[in-house]
Amino acid sequence: MANDELEFSSNVKQRNLKIMFWGDTGTRKTETVLRNFPHVFLIDTEGNSDQCIGMPEIPPFLRIKTKDTRKVVEWLDKIAAKQVKFPDGSLVETVAFDTVSLVWGIQQEVAAANAEKRAARYRKEESEATMTQLDWVLAKRPMKKIQNRINTIPVKYLVYIAREKDPYVGNDEDKLAVKPPVVPDCVKGTTYDMNLVLHFRKDGTKWSYEVDKVQGALGKLFPMGFKGPNLDIPGLLEYSKFLTGEGAKERDETDIAKEMVDETDAPKTWAEMVKFANANGIATIDIAPILKDAGFQSFKTSEFDAIKSSIRTFLDRGIAVEI
């Protein structure tokens, strides 16, 4: 291990806080961010911030209105390069994504569209289309790309805003509907990357929140499972005043995976092609249909580089959706 990779825990400083606010419509998720967090850059996918413009208690903020994951990545890269500034020259301190639910909903449509397109190639009806693991891999890729970008930009606060997902499970035996607990409507596993997850609720005129997840010393302010009517934002900001706001030094895991399978001395064999595909989220069983769609009748060593290029093109097609 190189010396620059070795860290002593006492010298490590926390860079940022990753927070999720989730809940039903009208539970103050967007407003809470805009009212309380410093120098906010808002990724507005639903137009929620329109209702917050012109309110004297909400400081001016920057925003983009888009549902296109490519635009999101583009602006996150600009923030990372410190090219995004407020009129007074201040840099962005808070990035809020409102909502991750809508963009994830679009990506699920991408998975369905891929399945329907595949069914059409085999002259099947849309109703016969079946989504494969590969379709879901492609749907999740842009969300993972955004998450990787957000983790590496130099800001203190990263806030995900999500809707409630209210799943019902039908019971065919007794014809009863069993209602599981509501959960955030986002890609499975998103909450694992958060330092703090708060569920916002509103019962009539009464507002409250519940702590769904908390890490480290932050638990003194927000004990796990705590429910209350008053969110301690001043305490949260005081706790986080020592955040460095520095971007992470870790490299994008997707790029690392590609490097691992792109060694120049790697043998040009079917096994190596399978290794390459698997490292990029493609199941072995899905390789042949991809190659057939690209015009390859069989695997040939002489066509190794061309086949790999076709797989890359296929992956790139699933990175974003045009809105």
Who passes side-chain hydrogen bond (donor to acceptor under 3.5 Å, both in side chains) against T30, sequence neighbours left out?
D98
Tell me, please, which residues at least two apart from K188 pass salt bridge (charged side-chain N to carboxylate O under 4.0 Å, His left out).
none
State plainly whether one hydrophobic cluster holds both I150 and M194, where clusters connect Ile, Leu, Val, Met, Phe, Trp and Tyr through side-chain heavy atoms under 4.5 angstrom apart.
yes
Test item: F200 and T32 side chains (from C-beta on) under 4.5 Å apart, heavy atoms:
yes
Just to verify, what does T191 make a side-chain hydrogen bond (donor to acceptor under 3.5 Å, both in side chains) with, not counting sequence neighbours?
none
Note, T301 side chain near T269 side chain (heavy atom, < 4.5 Å)
no
Is there a continuous path of hydrophobic side-chain contacts, each under 4.5 Å between heavy atoms, that joins F86 to L91?
no
Please walk me through it: do F222 and V197 pass side chain to side chain contact (heavy atoms under 4.5 Å, CB included)?
CA-CA 10 Å; F222 299 95; V197 179; over 6 Å; no
Please identify which of these residues, D50, D44, T45, meets the side-chain hydrogen bond (donor to acceptor under 3.5 Å, both in side chains) condition with K65.
D50
Closest non-hydrogen contact found for L76 with I153 is O-CG2, 3.4 Å
Can you get from L198 to I161 by hopping between Ile, Leu, Val, Met, Phe, Trp and Tyr side chains that sit under 4.5 Å apart?
yes
Given side chains that start at C-beta, do those of I79 and V155 come closer than 4.5 Å, heavy atoms only?
yes
For residues D185 and A162, report the shortest heavy-atom separation together with the two atoms involved.
O-CB, 4.1 Å
Hey, quick one: are V33 and F97 part of the same hydrophobic cluster, counting side-chain heavy atoms closer than 4.5 Å, chains of contacts allowed?
no
Listing request: all salt bridge (charged side-chain N to carboxylate O under 4.0 Å, His left out) pairs with a residue in residues 19-33, at least two apart in sequence or in separate chains.
E31-R35
Distance-minimising heavy-atom pair for P154 and A80:
CD-CA, 3.5 Å
Please examine the side chains of N36 and L236, heavy atoms only from C-beta on, and report whether any two atoms are closer than 4.5 Å.
no
Same apolar cluster: I19 and V187, side chain cutoff 4.5 Å
no
T99 side chain to R163 backbone, donor-acceptor under 3.5 Å:
no
Straight-line distance of I287 CD1 to I282 CD1, nearest 0.5 Å:
7.0 Å
Considering all heavy atoms, the nearest M20-P184 contact
SD-CB, 3.9 Å
I would like to know whether V73 and I146 meet side chain to side chain contact (heavy atoms under 4.5 Å, CB included); could you show each step before the answer?
CA-CA 6 Å; V73 171; I146 289 171; 3.9 Å; yes
Check the side chains of D88 and S90 for a donor-acceptor pair under 3.5 angstrom, ignoring hydrogens and angles.
yes
Pairs in or reaching into residues 210-223: which pass side chain to side chain donor-acceptor pair (under 3.5 Å), with residues at least two apart or in two chains?
W22-D212, N195-Q215, R201-E210
Determine, stepwise, if the pair D193 / Q147 fulfils side chain to side chain contact (heavy atoms under 4.5 Å, CB included).
CA-CA 9 Å; D193 201 40; Q147 184 65 35; 2.4 Å; yes
List for me each residue that meets side-chain hydrogen bond (donor to acceptor under 3.5 Å, both in side chains) alongside K85, sequence neighbours excluded, and say none if there are none.
none
Other residues, nucleotides, ligands: >12 heavy atoms within 6.0 Å of Q297 CD
no
Take H39 and V92, measure what side chain to side chain contact (heavy atoms under 4.5 Å, CB included) needs, and give me the verdict at the end.
CA-CA 5 Å; H39 295 112; V92 175; 5.6 Å; no
Which distance, rounded to the nearest 0.5 Å, do you find between the CZ of F296 and the OG of S310?
4.0 Å
State, with a plain yes or no, whether a side-chain heavy atom of L291 is found less than 4.5 Å away from one of M273.
no
Looking at OG of S208 and CZ of F226, how far apart are the two atoms once the value is rounded to the nearest 0.5 Å?
10.0 Å
Shortest non-hydrogen separation from F61 to V40 and the atoms involved
CB-O, 3.5 Å
Any non-hydrogen side-chain atom of L17 less than 4.5 Å from a side-chain atom of L196?
no
Over 12 foreign heavy atoms within 6.0 Å of NZ, K292:
no
Test side-chain hydrogen bond (donor to acceptor under 3.5 Å, both in side chains) on S240 and Y157 and set out the steps.
CA-CA 9 Å; S240 57; Y157 306 98; 2.6 Å; yes
The reported gap from CG in L62 to OG1 in T94 (rounded to nearest 0.5 angstrom) is 11.0 Å
Spatial distance of atom CD1 (I307) from atom OG (S298) [nearest 0.5 Å]
8.0 Å
Over all heavy atoms of both residues, which pair between V214 and M224 is shortest? Give the atoms and the distance, please.
CG1-N, 4.0 Å
Evaluation steps, salt bridge (Lys or Arg N to Asp or Glu O under 4.0 Å), between K268 and E272:
CA-CA 6 Å; K268 295 184 177 183; E272 194 65 27; over 6 Å; no
Atom OG1 of T244 and atom NZ of K156: how far apart are they, to the nearest 0.5 Å?
8.5 Å
